[in-house]
A.B. asks: 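Sharing a structure below in structure tokens format, with a few things to ask.
Index from 1, following the sequence. All values below come from the heavy atoms of this structure, side chains included, with hydrogens, waters and symmetry mates left out.
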Amino acid sequence: MTIGIDPGTATVGYAVCQGNRFTPEILDYGVLHTDPLPEDMLHFRLLELGNDLEHILQKYKPDRAVIEELFFFKNLKTAISVAQSRGMIIYLLAKYKIEVINMTPLELKQQLCGYGRAPKKQVQEMVKRVYHLDKIPKPDDAADGLALAWIGL
């Protein structure tokens with residue numbers, strides 16, 4: 001069983017899947033949300049996200065996680081907070097002895113779409129296809145979690 005995780009501080013996209021790349025089965029997917037807080041209270045957002053993610057890890061007991069790496073950033077302040085969220089997530093994965101596969105957005109798009117610079121819409125369409133869904137999963141962070149989980153199958 002694999003969990004795909006798209007880290008963030010306001011939302012974390014995730015998906016728990018089993019099977020293989022030809023017959024993937026979605027067990028759960030969605031986003032973990034936190035309420036906006038002042039900049040100096042990021043630790044409370046991380047605690048909330050960590051508690052929510054820990055609940056998912058305890059419920060499904062995945063043996064593998066594919067987590068998106070920071071590849072580039074436009075805003076240093078945002079990149080640092082996302083990196084802190086990613087660190088908290090990696091800590092939890094280690095705590096539960098879950099194998100971690102790091103994946104840049106470029107690598108993910110290359111494996112899923114065959115083109116590392118594929119637009120977001122193409123990634124979403126491929127997620128819909130590989131999971132045999134009727135429509136593109138929403139929100140975007142959840143679709144990214146599904147894409148990452150598919151890589152780990």
Side-chain angles (χ1 to χ4, degrees), residues 1-35 37 40-73 76-114 116 118 120 123-124 126-133 136-153:
M1 187 176 316
T2 300
I3 185 168
I5 304 173
D6 181 24
T9 51
T11 60
V12 171
Y14 75 92
V16 181
C17 301
Q18 64 184 9
N20 59 52
R21 288 187 181 185
F22 301 105
T23 57
E25 179 186 351
I26 300 170
L27 301 178
D28 190 10
Y29 77 95
V31 292
L32 308 175
H33 291 279
T34 61
D35 293 326
L37 290 172
D40 63 342
M41 299 185 82
L42 174 64
H43 54 290
F44 289 116
R45 290 183 111 172
L46 295 176
L47 178 63
E48 183 179 344
L49 289 170
N51 288 338
D52 292 347
L53 180 58
E54 191 163 22
H55 175 75
I56 292 167
L57 297 176
Q58 290 171 344
K59 180 177 180 180
Y60 293 104
K61 299 174 178 43
D63 49 17
R64 179 180 312 107
V66 182
I67 182 169
E68 189 169 273
E69 284 186 334
L70 291 173
F71 185 62
F72 66 91
F73 58 89
L76 181 59
K77 191 179 280 188
T78 301
I80 290 171
S81 64
V82 172
Q84 290 173 329
S85 175
R86 194 171 184 284
M88 175 273 300
I89 292 166
I90 291 170
Y91 164 79
L92 284 175
L93 296 173
K95 178 179 175 181
Y96 288 93
K97 297 176 177 41
I98 299 169
E99 173 193 359
V100 175
I101 299 168
N102 295 294
M103 176 89 26
T104 66
L106 189 75
E107 293 167 330
L108 172 66
K109 291 174 181 182
Q110 180 66 42
Q111 286 196 37
L112 184 65
C113 303
K120 192 139 198 80
V123 171
Q124 293 170 336
M126 286 303 296
V127 166
K128 177 184 158 196
R129 287 183 189 177
V130 298
Y131 286 104
H132 311 288
L133 301 172
I136 291 171
K138 299 284 182 188
D140 294 353
D141 297 316
D144 290 346
L146 282 165
L148 290 157
W150 181 80
I151 295 297
L153 295 176

A.B. asks: For atom NE2 of His55, is the number of surrounding heavy atoms from other residues, nucleotides or ligands below 6.0 Å larger than 12?
C.D. replies: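 No, not enclosed.
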
A.B. asks: Any chance CZ of Arg21 has more than 12 other-residue heavy atoms, nucleotides or ligands included, within less than 6.0 Å?
C.D. replies: yes

A.B. asks: Rounded to the nearest 0.5 Å, what's the gap from CD on Glu68 to CD1 on Ile151? Could you check?
C.D. replies: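 Spacing of CD (Glu68) from CD1 (Ile151) equals 11.0 Å.
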
A.B. asks: Can you measure from NZ (Lys128) to CG (Leu133) and round to the nearest 0.5 angstrom?
C.D. replies: 8.5 Å

A.B. asks: Can you give me the closest heavy-atom contact between Ile98 and Pro62, atom names plus distance?
C.D. replies: CG1-O, 3.4 Å

A.B. asks: Between Val100 and Ile67, what is the shortest heavy-atom contact and its length?
C.D. replies: CG1-CG2, 3.8 Å

A.B. asks: One pair to check against side-chain contact (heavy atoms from CB on, under 4.5 Å): Leu93 and Leu57. What are the steps and the verdict?
C.D. replies: CA-CA 8 Å; Leu93 296 173; Leu57 297 176; 4.1 Å; yes

A.B. asks: Given side chains that start at C-beta, do those of Leu27 and Tyr60 come closer than 4.5 Å, heavy atoms only?
C.D. replies: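 In contact.
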
A.B. asks: If every non-hydrogen atom of Pro137 is compared with every non-hydrogen atom of Leu146, which pair is closest and at what distance?
C.D. replies: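 That would be CG-CD1, 3.5 Å.
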
A.B. asks: State, yes or no, whether a side-chain contact exists between Leu42 and Leu46 at a heavy-atom distance under 4.5 Å.
C.D. replies: yes

A.B. asks: Measure the CG-CE distance between Asp6 and Met103 for me, rounded to the nearest 0.5 Å.
C.D. replies: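 Reported value, rounded in 0.5 Å steps: 13.0 Å.
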
A.B. asks: Give the C-alpha distance, both sets of side-chain angles, the deciding distance and a yes or no for side-chain contact (heavy atoms from CB on, under 4.5 Å) between Arg86 and Glu69.
C.D. replies: CA-CA 8 Å; Arg86 194 171 184 284; Glu69 284 186 334; 3.1 Å; yes

A.B. asks: Enter the distance from Ile89:CD1 to Tyr14:OH here, rounded to the nearest 0.5 Å.
C.D. replies: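 Answer rounded to 0.5 Å: 13.0 Å.
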
A.B. asks: Is Phe44 atom CZ crowded by more than 12 heavy atoms from other residues, nucleotides or ligands, each under 6.0 Å away?
C.D. replies: no

A.B. asks: Knowing that exactly one of Thr34, Asp140, Asp141 qualifies, which makes a side-chain hydrogen bond (donor to acceptor under 3.5 Å, both in side chains) with Thr11?
C.D. replies: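 One option only clears the test, and that one is Asp141.
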
A.B. asks: Provide the closest heavy-atom pair for Pro139 versus Val31 in the form atom of the first, atom of the second, distance.
C.D. replies: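 So the minimum-distance heavy-atom pair works out to CG-CG1, 3.7 Å.
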
A.B. asks: State, yes or no, whether a side-chain contact exists between Ile5 and Leu53 at a heavy-atom distance under 4.5 Å.
C.D. replies: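 Yes, at least one pair of side-chain atoms sits under 4.5 Å.
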
A.B. asks: Could you tell me if the side chain of Ile101 sits less than 4.5 Å from the side chain of Thr2, heavy atoms only?
C.D. replies: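 No, every pair of side-chain atoms sits at 4.5 Å or beyond.
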
A.B. asks: What pair of heavy atoms forms the shortest contact from Gly50 to Leu92, and how long is it?
C.D. replies: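 Closest pair (atom of Gly50, atom of Leu92, distance): O-CD1, 3.4 Å.
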
A.B. asks: Got Tyr131 and Cys17 here, is their nearest side-chain heavy-atom distance under 4.5 Å?
C.D. replies: yes

A.B. asks: Which residue pairs pass the salt bridge (Lys or Arg N to Asp or Glu O under 4.0 Å) test when at least one of the two sits in residues 97-114, sequence neighbours left out?
C.D. replies: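 Found Arg64-Glu99.
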
A.B. asks: Is any side-chain heavy atom of Leu153 closer than 4.5 Å to one of Phe22?
C.D. replies: no

A.B. asks: With a 3.5 Å distance limit and no angle check, can you tell me whether Ser85 reaches the backbone of Thr9 through a side-chain donor-acceptor pair?
C.D. replies: no

A.B. asks: Any side-chain heavy atom of Tyr96 sitting closer than 4.5 Å to one from Glu54?
C.D. replies: yes

A.B. asks: Might you point out which heavy atoms bring Gln124 and Ile136 nearest each other, and give the distance in Å?
C.D. replies: CB-CG2, 3.6 Å

A.B. asks: Could you go through the side-chain contact (heavy atoms from CB on, under 4.5 Å) check for Trp150 and Val127 one step at a time?
C.D. replies: CA-CA 8 Å; Trp150 181 80; Val127 166; over 6 Å; no

A.B. asks: Out of curiosity, Met126 CE to Gln111 CD, how far, rounded to the nearest 0.5 Å?
C.D. replies: 12.0 Å

A.B. asks: For the atom pair CG (Asp52) and CG (Leu47), what is the distance rounded to the nearest 0.5 Å?
C.D. replies: 9.5 Å

A.B. asks: In the structure I gave you, are the side-chain heavy atoms of Lys120 and Asp144 within less than 4.5 Å of one another anywhere?
C.D. replies: yes

